[in-house]
Amino acid sequence: MSNKVYSIKIGGQAGQGIKSAGLIFSKIASRSGYHIYNYIEYPSLIRGGHNVMQTTFSLDKVYSQIRPVNFLIALNQETINLHLEELVEGAGIIFEDEGKIDVTLCKDKCRLFPVPLKKIAAEAGGQDIVSNNVALGAALALLGGDLKHLFDLIDEDLSSKDGEVVKINQTAAKAGYDYAKTNFADKFEPLLAPQNNPGKKMVVNGTDAVAYGAIAGGLQYAAIYPMSPTSNILSLLAANQEEYGYVYKQAEDEIAAINMAIGASFAGARSMTTTSGGGFCLMTEGFGLAGQTETPVVIVEGMRGGPGTGLPTWSAQGDLRFVLHSHQGDFPRIVIAAGDAEEAFHMIMKALNLAEKYQTPVVLLVDKNLLDDEQTFSEFDYSGYRIDRGKMFLEKDPEYHRYVNSEDGISPRTIPGLGNHLVANSDEHNSYGYSSETIHDRNEQVQKRLRKLDTCAKEDMEKPILYGPENADITIVSWGSNKGPILEAMKDYPFVNYLHITWMSPFPTDAVFQQLSKAKYLLNIECNSTAQMAGLIREKTGIDILDQLLKDDGRPFFPEEIREKINSILIKK
Amino acid sequence: MSNKVYSIKIGGQAGQGIKSAGLIFSKIASRSGYHIYNYIEYPSLIRGGHNVMQTTFSLDKVYSQIRPVNFLIALNQETINLHLEELVEGAGIIFEDEGKIDVTLCKDKCRLFPVPLKKIAAEAGGQDIVSNNVALGAALALLGGDLKHLFDLIDEDLSSKDGEVVKINQTAAKAGYDYAKTNFADKFEPLLAPQNNPGKKMVVNGTDAVAYGAIAGGLQYAAIYPMSPTSNILSLLAANQEEYGYVYKQAEDEIAAINMAIGASFAGARSMTTTSGGGFCLMTEGFGLAGQTETPVVIVEGMRGGPGTGLPTWSAQGDLRFVLHSHQGDFPRIVIAAGDAEEAFHMIMKALNLAEKYQTPVVLLVDKNLLDDEQTFSEFDYSGYRIDRGKMFLEKDPEYHRYVNSEDGISPRTIPGLGNHLVANSDEHNSYGYSSETIHDRNEQVQKRLRKLDTCAKEDMEKPILYGPENADITIVSWGSNKGPILEAMKDYPFVNYLHITWMSPFPTDAVFQQLSKAKYLLNIECNSTAQMAGLIREKTGIDILDQLLKDDGRPFFPEEIREKINSILIKK
Amino acid sequence: MITPAELTTPNFPNWCPGCGNFGIWAAFKNAIVASGWDNTNTVFVAGIGCHGHMINFVKLTSFEGLHGRPIPVANGIKMSNHRLNVFVFTGDGDCLGEGGNHFINAARRNHNVTVLIHNNNIYGLTTGQTSPTTRKGFKSKSTPEGNPDEPFKILNLAIAAGATFAARVYSNDIAGLTNMIIKANEHQGFSVVEMLQPCVTFNKECSPTFFTDNTYKLPADYDPTNIAKALEKTLEFGPKQIPVGLFYKVDKPTAESNYPQIENIPLVDNLVEKRDITKLLQTLY
Amino acid sequence: MITPAELTTPNFPNWCPGCGNFGIWAAFKNAIVASGWDNTNTVFVAGIGCHGHMINFVKLTSFEGLHGRPIPVANGIKMSNHRLNVFVFTGDGDCLGEGGNHFINAARRNHNVTVLIHNNNIYGLTTGQTSPTTRKGFKSKSTPEGNPDEPFKILNLAIAAGATFAARVYSNDIAGLTNMIIKANEHQGFSVVEMLQPCVTFNKECSPTFFTDNTYKLPADYDPTNIAKALEKTLEFGPKQIPVGLFYKVDKPTAESNYPQIENIPLVDNLVEKRDITKLLQTLY
Ligand SMILES: Cc1ncc(C[n+]2csc(CCOP(=O)(O)OP(=O)(O)O)c2C)c(N)n1
Ligand SMILES: Cc1ncc(C[n+]2csc(CCOP(=O)(O)OP(=O)(O)O)c2C)c(N)n1
Ligand code: SF4
Ligand code: SF4
Ligand SMILES: [Mg+2]
Ligand SMILES: [Mg+2]
């Protein structure tokens, strides 16, 4: 089986513990030596809505969810109904054996494993919610997995609860395992058989990556107003603040959040905030304030389906142009976008440096899928990271001028309390910081600020990453979390390459131009309706990408859709 | 002299009545048969800063301010110092003859007309502020103007004050006039000699045009938070609401302003708001709310120098990309920009129709110069205007669905209180308006909304306007109030034409492409630092305009700068 | 007149079982039926939060706007058609976090709308962060070591800002809430009803028992017309010390009554017509 | 210690002659000199309005932010370096119009900053529209027929929101204001000083004579520790009935005191260092 990719899906109502069961399953897979990718779907409701988590796993690296489902755990009827079509021939289905779930429609196609989940849970002393562990136990039995991992993970997951709860869950899991072993002996392939000496791999999502990356990167202050899909970042930041010595503060709204972060940064603290598009609307004024006052700040913008409240719990890539152009007038903004959790980890650390080095706001664009979906990675290696606070002026100088003109656009920054007279001013100002409307001061300051982008392009901007062969029949262009399904799809196409764009401002015009102008066939892939990246590329390079694969329904691309598109191009050719 | 262009400048401290004196002067010129263009400069201060107003006038149409000054009224020293270089050989200068103003530097170049302004004012029973009318009287004498016009205008200007005040000002004006006649007999050309049967022309700025256009266009509700340079619009709207039967409401902030306007519009009122870039930041979320709920709203965005608080009382064109891209996700927005007051008048009326026809937000972009600067126009002819409220469904229908799918993207809109169940929803929704996250509903609604732009492009979008010959040696591309100085400059160049772009979204791609692709030499002119329009053109048409004349210091282009640029191109050629 | 059945939508509420929003839902529907509100005379506006889902569950004309912004939308509606009964359903986060500025300024201006605050002392929909009414020390997702911040006293703030009607009811007291919603709407002016709402999922403290155990009715002789007394009474909050009832009511001109141009006829009842502005243009010569 | 001369900048105030901002300017400089505030220990943040120009006229470290947003900037500064004295200069429009949400929520959280409100009952810099403190009926550029809205009572609102220090002073009472600024800064918590400030250009009503004629000092026996009394007293406003002085003061933990990680050393005194997060990453296996 080696490099084959399998998937298991767990579905049920919101509140049935789907997410935690899925995460446990994926960690079992990881500990057993597999690569995984977890994809989760849930509505903007607390209860009752349909939740589903899918773990895709393989001995090879897995880059994204896949469409076919090899194994289904159905905690409710809806799971069967909604995902019937995804089931492969011979897929296994574990479901509640109490007559309530109707499996007639999958009878012929699938292998049915009815398990009295609630009954077993009750016998173990647990409530209905414990069913998920019964099901996990049964699944492990069928897939040849190691029960020990499940025991460990239940232990770790419930470590904050009392020992009795752990016990009940473990007992239930074991009973589920035994039930399957007894009743369905040798009915399924051992897809999850433990490998020898598996390398250790983290199971990490973008939320973990951003929060922990920020902590590693020396974050000192974060002010945040909760908003899906970034709210879990604040939970992680809140939980670890005392230990790591930074401050997390919940603001009354996003306007306050960014202004508090700016105040903190002005005072000398490494600062950030996080939000989604709707909250970013409210930050746009502060965004430019940071640009104009030259105060570092990092904004993590987690995209979800817009406009308006839109699709709060679904993903999108519709805010690219928004973050590139919001706020009146021209000022230097750095905008970078991560393609997966590992990139997000390194980018947030980098963003904290960039903001301070260039004394300007930095946006890290991520999206709901990237933030929520776990993937296996080797432990992040940040040994090469160095804190760079840029031109910090910490002496005392009565002649200190905050906005002194400079070739690279960057003026030495000081902090309050050192004795220098420091003026930060959102009005146009002279080099001292005092309000000024003269042509000379205006031009000097506007141009000084904008020169930072040139400096950044020279010193820090990263070229897009090319995956696949240097020369290819089809060149895919995309960005953000589309990276996953694209790489997954490319496994089958040695003559397709992928240009993954990570810097949007400054934009690596030359590198993009060079790569695209030699491409034989260009395909742009985006999760929005207007091909925002393609527009940017045309504006910057003149290259008009004619073929677009767009999707704006909140769901991620599946590699199958990309393969289908590639095939259709190949046929045309 | 016929088509020659002259200018008179009045300068003094803020609070010295510069603006009102300049306006009176320009109306005298207009009533005497001249075309005028008024340019005003003032700092973001209430008092003490330097204010200056320049009236450019000619028997021909005048499109903008010009650099040379033929006549200066200096109410303070700064006026001399700051504007010395602009004075032409032989320029006249009226200034306070009390020894305090030092005119040594202009002695040789200019013709000096010292007048004891304050003394004359005092003799007439007036305070220092009356000096401006003394000076106007003296200027009229020197320029051969008609004192009767000044008397009339003082009367009209001060109509709200008691009769005594009018009397004092008129007496002072007459005394100034007599003083000049007596002391400087025949010392200057009669540049302002009344013409026979002058056609009546309005002296109107963009503020008047937008406010009165909105009133003419059936405005019913405006909620506004004051912000330069649009605050005077709200004054006009506030003053006329009772007579014309609409409601103007000051909001607590811009977020409230746009949400109140949206609420009013949802209820069935024709609604608008006004702001500048900083306030628009705060409206960006409501902007998309209007898009998502399909609620009509017009936003007048008056640009000033950004970023941040920037240059509150100076002009810019730095918000083009901002209004084109703000808010998360994709939705249809209509963005149009006016080139002068007359365009602004017709555009605001049109905008009110467009918003209701397409049930989506419409931005009218204007700028500080356009809003503040008066120009002579024949009376606006809006006889061809028809109110268009689009698809209004005013019957009662129990099956009414607010967001029913339709080919043109527009669903019939009803209003509350008619008995229909109407749901407007910022969450993604089904055709009824209920929240929905299904792929089907999402795609249907996103695409339905975006189709409105196609419909608009077909039915309403206007092509850019070409000024000058169809074929030219140089084709200038620009937008907004640059129109004035460009047309003024073009008076001297029969082989230069100008493509004036007024629609930004939807964008008239074909028309722009056709015109530009046949141009011999392209020059893009903008008041920003990053050539935002040129970027848009390249994104849409692929045409890369290589020559840019940019300015971002808050000042408008002067026709002289454009001529200089044209000359430099011609030399290169 | 509308019947309960006619208020039913295709969507059954997806709030958590036991959520206080069910009580509010029931009371609102009762009030609608009892008062003859329907699509000819009533509109409600909702914020974003669990409370905001209300628009999917009551078949009455509604607008679900942005998080924190239902009040200005309601103000715009009421000014344009003051014949409508206008309700706002908002949350403690929606109203006092994101939307605090609108709350105080609309209260000050005395817009004639009824603001129903689902106060569950938590951000429900975003899965349990503290809100501006969460008690100090409360442990939540955003405050694992305990909330560092003091809460607002909603009604005290409302009265200080200018609200002319201020009441508190427990969400599961359906009869009392029905009654209070009707009274609040009858009041001409900015009416605030703080609804004590259990969030059984993220705020285990403010449970139904907590509210039934700790609330008491304002005494019959309590005088709701004295502002100083009302300000004092609305400070009270503690174990066994949560008064419910009408704290304050005063008659003052509403925001909408200050505009002569809509004195006789609602704004939207005027035909939208091209206006003759010759007179205005005359001033420009 | 700083001398008055050292506070001078190259810019002379360009407020209108007679503007109350001159008094505030003088008092602030007095307070600076008297208290030994300087660039080693003090920062002020200003909003946008005539008041905001202050940063150009006092040579002390400052941040002029956005209209309505000085308070959150100040909160961020104070949390990052709580050894600094942090002042906010804001206007009635800046603080209660655009910035109202920050005002009430920062008061609630009791950030240890001093908020000095230039209350001229008008939007000065935008040349004279009504503000949230303009009296009903006042004729302005935006209300030629008279202001339709009621004003806030700033201090009443501040106390209801949670401010722990609330005072009112007339701007031209330079000695009194100097003293009150010092006291407000000494107070540990969210201190609000409403400064009655004549705008001689756009608010002819609230003139210096109006304020001298109609203000009176709170009686010596007034007890500023009783919140109910303070709420009542701050309702008072009328001819000859504008009390000035300290209305309310109570000691409560400040926002900054709730964070153990900055108990001993201000946040910014820590070196920014790469942190070892091995422990956190361990949880991901
Ligand atoms: C501008 C913006 N910021 C943040 C959010 C995310 N958000 C949605 S609901 C909510 C809070 C809900 O709390 P509350 O208003 O108390 O409502 P509840 O869910 O408790 O009823 C937040 C922060 C949003 N939708 N929009
Ligand atoms: C977001 C935003 N909206 C509006 C403005 C315009 N503006 C500048 S100052 C001001 C009001 C000033 O009033 P106040 O705060 O009372 O200050 P004052 O000038 O009276 O001192 C306004 C509305 C702005 N700069 N930014
Ligand atoms: S999360 Fe709380 S408020 Fe939301 S539905 Fe569940 S119980 Fe109700
Ligand atoms: S406008 Fe008013 S507040 Fe502003 S400087 Fe002049 S007097 Fe002072
Ligand atoms: Mg809540
Ligand atoms: Mg003010």
Side-chain angles (χ1 to χ4, degrees), chain A residues 43-44 255 276-278 280-282 284-289 291-293 303-314 316 318-319 321-322 324-331 425-428 435 437 439 442-443 446-447 450 528-530 532 535-536 538-540 542 544 552-555, chain B residues 43-44 255 276-278 280-282 284-289 291-293 303-314 316 318-319 321-322 324-331 425-428 435 437 439 442-443 446-447 450 528-530 532 535-536 538-540 542 544 552-555:
Chain A
S44 182
I255 301 175
S276 182
F280 190 75
C281 283
L282 299 165
T284 50
E285 202 189 7
F287 187 42
L289 174 68
Q292 173 77 333
T293 57
M303 293 177 287
R304 68 191 216 187
T309 309
L311 297 172
T313 59
W314 298 89
D319 305 358
R321 280 298 192 157
F322 177 29
L324 282 175
H325 300 289
S326 40
H327 200 86
Q328 64 273 19
D330 296 307
F331 68 94
N425 194 344
S426 94
D427 269 326
E428 196 53 272
S435 304
E437 305 182 343
I439 294 176
R442 168 67 173 173
N443 284 337
V446 168
Q447 284 154 22
L450 286 174
N528 58 49
S529 293
T530 55
Q532 300 189 6
L536 181 65
R538 192 174 191 202
E539 177 182 346
K540 295 294 182 183
D544 192 10
D552 197 7
D553 62 11
R555 281 70 179 172
Chain B
S44 183
I255 301 174
S276 182
F280 190 74
C281 283
L282 299 165
T284 50
E285 202 189 6
F287 187 43
L289 173 68
Q292 173 77 332
T293 58
M303 294 176 286
R304 67 191 214 187
T309 309
L311 296 172
T313 60
W314 298 91
D319 305 358
R321 280 300 191 153
F322 177 29
L324 282 175
H325 300 289
S326 41
H327 200 86
Q328 64 272 19
D330 297 308
F331 69 94
N425 194 343
S426 94
D427 269 327
E428 197 53 273
S435 304
E437 305 181 343
I439 294 177
R442 168 67 174 174
N443 284 336
V446 168
Q447 285 155 23
L450 286 174
N528 58 50
S529 293
T530 55
Q532 300 190 4
L536 181 64
R538 191 172 193 206
E539 177 182 345
K540 295 293 182 182
D544 193 10
D552 197 7
D553 61 12
R555 280 71 179 171

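First the proteins, then the strands, lettered A, B, ... as listed; each starts at 1. Treat the numbers as computed from the prediction; the structure is a model and nothing was measured.
- Proximity to chain B involves both the backbone and the side chain of A:N528, based on heavy atoms less than 4.5 angstrom apart.
- A donor-acceptor pair under 3.5 Å links the side-chain atoms of A:D319 to the main chain of B:G329, judged by distance alone.
- For A:R304, no part lies near chain B; criterion is any non-hydrogen pair under 4.5 Å.
- Listed by chain and residue number, nothing satisfies the salt bridge (charged side-chain N to carboxylate O under 4.0 Å, His left out) test with B:E437 (two or more places apart in sequence, or in another chain).
- Contact count versus chain B (heavy atoms, under 4.5 Å) is highest, among A:G286, A:G310, A:S529, A:G318, for A:G310.
- Using a 4.5 Å heavy-atom threshold, the side chains of A:D330 and B:Q532 count as touching.
- Between chain B and the options A:L450, A:T293, A:N443, the largest number of non-hydrogen pairs under 4.5 Å is found for A:N443.
- Interface remark: A:Q447 contributes no atoms to any contact with chain B (heavy atom separation under 4.5 Å).
- With a threshold of 4.5 angstrom between heavy atoms, A:T313 approaches chain B through side-chain atoms but not through N, CA, C or O.
- Note: B:E285 CD to A:L282 CG = 4.5 Å, rounded to the nearest 0.5 Å.
- For chain A, the nearby part of B:R442 is the side chain; its heavy atoms alone come within less than 4.5 Å.
- With chain B as partner, the option from A:G288, A:G535, A:S426, A:G542 having the largest number of non-hydrogen pairs under 4.5 angstrom is A:S426.
- When B:N425, B:D552, B:L324, B:L289 are compared by the number of non-hydrogen pairs under 4.5 Å with chain A, B:D552 comes out ahead.
- B:D427 touches chain A through backbone and side chain together, each having a heavy atom under 4.5 Å away.
- Here B:P307 is the residue among B:G277, B:S276, B:P307 with the most heavy-atom pairs under 4.5 Å with chain A.
- The contact between B:R555 and chain A is made entirely by side chain atoms (from C-beta outward), counting heavy-atom distances below 4.5 Å.
- One finds the CG atom of A:D544 at 13.0 Å from the CD atom of A:E539 (value rounded to the nearest 0.5 Å).
- The parts of A:I439 that come within reach of chain B are both its backbone and its side chain, each placing non-hydrogen atoms under 4.5 angstrom from that chain.
- Taken from OG1 in B:T530 to CZ in A:F331, the straight-line distance is 11.0 Å, to the nearest 0.5 Å.
- Taking 4.5 Å as the limit, some side-chain heavy atom of A:E428 sits within range of a side-chain heavy atom of A:V446.
- Chosen from B:A316, B:G308, B:G305, B:S326, the residue pairing most often with chain A at heavy-atom distances under 4.5 Å is B:G308.
- Looking at A:I255, the atoms closer than 4.5 Å to chain B (heavy atoms on both sides) all sit in the side chain, from C-beta outward.
- For B:F280, the ring pair (Phe, Tyr, Trp, His ring centres under 6.0 Å) criterion is met by B:F287, B:F322, not counting sequence neighbours.
- Between A:R538 and B:K540 the shortest side-chain heavy-atom distance does not fall below 4.5 Å.
- Among the candidates B:G306, B:G291, B:G554, the residue making the largest number of heavy-atom pairs closer than 4.5 Å to chain A is B:G306.
- B:H327 NE2 to A:C281 SG: the interatomic distance, rounded to the nearest 0.5 Å, is 5.0 Å.
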